[in-house]
Asker: 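Below is a structure I'd like to ask you about.
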Amino acid sequence: MASRYNPRETEKKWRARWQDAQVFRAKSSTEAGDAPKAYVLEMFPYPSGRLHMGHVRNYAMGDVVARYRANGYNVLHPMGWDSFGLPAENAAIERNADPRGWTRQNIAAMKDQFEPLGLSLDWSRELSTCEEDYYAHQQAIFLKLWENDLVYRKTSKVNWDPVENTVLANEQVVDGKGWRSGAPVESRELEQWFFRITRFNEDLLQGLEGLDRWPEKVRIMQANWIGKSRGATIRWPVAGKAPDGKTTHIDVFTTRPDTLYGASFLALAPDHPLTKAAAAANPDVAKFIKEAAALGTSEEAIEKAPKLGVDLGFTVKHPFDPDWEIPVWAANFVLSSYGSGAVFGSPAGDQRDLDFARKYDLPVKPVVLPPKADAATHTIENEAYVGPGTIYNSDFLDGLSTADAIEAAIKRLEDLELGTAATTWRLRDWGVSRQRYWGCPIPAVRCKSCGVVPVPEDQLPVRLPDDPDFSAPGNPLARHPTWKHTTCPKCGGEAERETDTLDTFVDSSWYFARFCDPKSKTPINKTEAAYWLPVDQYIGGVEHAVLHLLYSRFFARALNACGLLDLPSGEPFAGLFTQGMVTHETFKNASGQWIQPDEVEMRDGALVEISTGKPATVHGVEKMSKSKKNVVDPVAIIGDYGADVARWFVLSDSPPERDVQWSQEGVEGAWRFIQKAWSVVEASPEQDDGEATEGDALELRRLTHRVIKQVTQGIEQFRFNTAVAQLYELANAMRKAESSSAPGMGTARREAARTLAQLVSPFAPHLGEECWAKIGGDGLVATASWPVANPDLLTSNSVTLPVQVNGKRRGEIVVPKDASNDAVEQTARANPDVASHLEGVTVRKVIVVPGRIVNIVAS
RNA sequence: GCGGGCGUGGCGAAACUGGUAGACGCAACGGACUUAAAAUCCGUUUUCCUUUUGGAAGUGCCGGUUCGAGUCCGGCCGCCCGCACCA
């Protein structure tokens, strides 16, 4: 009688063995010897205290890669905690928790939840960004960047909650109001710290080209984010007097100088100096500025808002025609952070400009004639024409293509000294100041006589105080009774500490380098980093496609520039994979509240809430979230079914880059597989029984070797779902073989069992070990060398080809693998199913694709 | 609004560089075993027409290229993600 596989006992046993044998400890560059290195990294988690299925999927994927690489490579597969951030402050405010204690507790709880997953992690390298031994080094890095002019201060806008007197994060702004106070937010100017990421804009753009193991879509998103655009800066002379009484011209950047003759207005950002100046004399403008500020600072909110503007009451002269005066407006869709914070509106060629012109009844003159359109009849109604074409209605530009007209217009502007060719970038410098407690303190001091002074390196770290006061809104560091009072490192006089802390994106911009030697006395051990970096495979959510990855790429370059890192490519992640989310069905009860999926069942063909018996409704498949009550707790699943089942499930079915839908049925399917895999291995014979060279035994061997090849490829190409499908096939074939007494079958089954144990082990590592032990494998399967497919068993002497007549499949022929095209054609024509479709028609052409298909064209 | 992506059976999906559409799993249905159930095992399952043999249609929609299109091109529709202070 076959025994049932018991994950509860088995999994614990193997984790203890791995632990005892220290199999996942990475060797340093000096210990490693000849083995090549493989650095496998998953984006480290924020320690919410609760492991969720998204983590399980992310780390299961990384673990497949790391365990597969363990064969032949010195693998670094570390784990740490991205432990600064807003949630700890929210907990402090909402339930009076101490951020440090709360965070440490969460880490401990989450680590406990990680343990049963059986991940091949090197915990000896664990790091946590909120601890001094991490952030002290980050402060040292900050000082180096400062020395190298990669840090500076300037004023910029924040979301200000006027009731709480505090700065709000974008996510704390809901419909233009503070999430706690409900008060309309204001945008307020504050002096803040910036990293000069734009110094590397060209290099960050160029570098994308070399990242051939990154998803194309991420590279495109980054390129668009950096946003290099070529065009012209155009100088518009002010006609008469500007609102401030002194400005003589307004500079405007455009990518479309070819449409200059279609200009019908200039639009300035709500916070452009001239807009502010106009507000002094015009209450309408003042009102407009106030309304625009209430949108908050997010680009999304600004661009989604209905287009509004106000006439600023003065005009500028058209650069090509001094007699042509154009009104100047302020408009809420103009971003002060891009270009010069001013645009010229050419409504026929830009949808936003057109919407604006229609709303305020400004002229719309078409200047670009689309190909094949007629100049006499072409008009613009409510849809702008943004494509290429021929310029008309445009004086000296008439008849030129849009591309030529851009050049000609720039040339003329330069001759008139009213403009120059220019390149602008969408990328702005990275604002890193946060007016918050739970972050890395910025090592700077403000002295009345010396100004802003860096804290000397030997006085680091600047520690966070242990006793923040969250009883009032605002930054606890700023109102701490003693913390900020210090002496100036330069003059020794009274001074105040900087009370801003660093954006948590800074913490995650260099942790991958710290992992190379997390105990290093310097921020980064350059020797170890040179050995391990770049990360060979980085895995995480696509939501980080732009910011985190771009900041990390910036950091690698900045650290190089400061001499803290030696990574010539500047690229920290050679391979990147972005995985999809874990989703689950959502349900609501009769009163419209979200209810958990397990509170719902089918009764007489209708969905009801179990506790009340009242009808329930389905609300689609959504990302697992607490608010929608569709979260499945991995700890519970692992408790019931074991980690291998959870891992197997999240890797099955859906391709890794796509979302996977959690379902109870799917979990049970995974459970069945784990049981089946164990049972087919357990049932395999103890002894070989001769060579498996023919019949069913040979077929099983062929399958085994095909599966080796496909699973190996599946892992290397991140197609875990197809690898999983192959393992199902192998297990199914082994079950079938149990009733066969073909000669050599015992040998073939033993080979299949050994192979299954090995191939399954990156996915379901505990099961892999148990199977490996059962068939008497040497040592641990975790360290066994990966099987290699025998090429002789991957090919066969004959091949089955479909035969089409006029593109429709009519029959199938079996021909020798190396048959000539003529022979194949003859066989195909002779096939009765094919021949019946050739009666009464003339064959015009026969296409033979060797090894693929035959298509007979006849009429 | 801007940028990016995705769309194939009842469901998740597979299909190498254009070459037999639907591997594998889930669900459903039928059967075996069982006193019964659970578990397990075997089989059927894109749709429509046909008693069968077989035929037709079919990869979001419309059109194009090709001997041949899920795959390439153009236009649309729908859904999802990011937008700089969430991480």
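Note on naming: letters A, B, ... go to the chains in the order of the sequence lines (proteins, then strands), and numbering restarts at 1 for each one. Note that these values count all heavy atoms, side chains included, but never hydrogens, waters or copies made by symmetry.
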Asker: Does Lys154(A) have any side-chain contact (heavy atoms from CB on, under 4.5 Å) partners at least two apart in sequence or in another chain, and if so, which?
Answerer: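 Residues passing side-chain contact (heavy atoms from CB on, under 4.5 Å) with Lys154(A): Tyr152(A), Phe194(A).
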Asker: Apply ring-ring contact (aromatic ring centres under 6.0 Å, His included) to Phe554(A) and list each qualifying residue two or more places apart in sequence or on a separate chain.
Answerer: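 For Phe554(A) the ring-ring contact (aromatic ring centres under 6.0 Å, His included) partners, ignoring immediate neighbours, are Phe200(A).
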Asker: Who are the ring-ring contact (aromatic ring centres under 6.0 Å, His included) partners of Tyr511(A), not counting sequence neighbours?
Answerer: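 Applying ring-ring contact (aromatic ring centres under 6.0 Å, His included) to Tyr511(A) gives Phe44(A), Phe515(A).
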Asker: For nucleotides 65-70 of chain B, tabulate all protein N/O to nucleotide N/O atom pairs closer than 3.5 Å, reporting atom names and distance.
Answerer:
| unit_1 | atom_1 | unit_2 | atom_2 | d |
| --- | --- | --- | --- | --- |
| C67(B) | O2' | Asn855(A) | ND2 | 3.4 |
| C67(B) | O2 | Asn855(A) | ND2 | 2.6 |

Asker: Write out a two-atom table: protein N or O, nucleotide N or O from nucleotides 50-55 of chain B, distance below 3.5 Å.
Answerer:
| unit_1 | atom_1 | unit_2 | atom_2 | d |
| --- | --- | --- | --- | --- |
| G55(B) | OP1 | His837(A) | NE2 | 3.4 |

Asker: Could you write out each protein N or O paired with an N or O of nucleotides 29-34 of chain B at a distance under 3.5 Å?
Answerer:
none

Asker: Among residues at least two apart in sequence or on other chains, which ones pass side chain to side chain donor-acceptor pair (under 3.5 Å) with Arg658(A)?
Answerer: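 Arg658(A) satisfies side chain to side chain donor-acceptor pair (under 3.5 Å) with no residue once adjacent residues are dropped.
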Asker: Residues two or more places apart in sequence or in another chain: which of them pass salt bridge (charged side-chain N to carboxylate O under 4.0 Å, His left out) with Glu657(A)?
Answerer: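 Scan of Glu657(A) (salt bridge (charged side-chain N to carboxylate O under 4.0 Å, His left out), adjacent residues dropped) gives none.
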Asker: Taking side chain to side chain donor-acceptor pair (under 3.5 Å) as the definition, give me every residue that meets it alongside Ser181(A), ordered by chain and number, with sequence neighbours left out.
Answerer: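 Result, side chain to side chain donor-acceptor pair (under 3.5 Å) vs Ser181(A): Asp161(A).
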Asker: Would you tabulate the pairs of protein nitrogen or oxygen atoms and nucleotide nitrogen or oxygen atoms of nucleotides 41-43 of chain B closer than 3.5 angstrom?
Answerer:
| unit_1 | atom_1 | unit_2 | atom_2 | d |
| --- | --- | --- | --- | --- |
| C41(B) | OP1 | Arg735(A) | NH1 | 3.0 |

Asker: Go along nucleotides 7-15 of chain B 5' to 3' and tag each nucleotide: B for a protein heavy atom under 4.0 Å from its base, S when only backbone or sugar atoms are that close, - otherwise.
Answerer: S----BSSS
Asker: Tell me every residue that passes side-chain contact (heavy atoms from CB on, under 4.5 Å) with Glu89(A), counting only those two or more places apart in sequence or in another chain.
Answerer: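 If we apply the side-chain contact (heavy atoms from CB on, under 4.5 Å) test to Glu89(A), skipping adjacent residues, the hits are Arg436(A), Tyr437(A), Trp438(A), Phe470(A).
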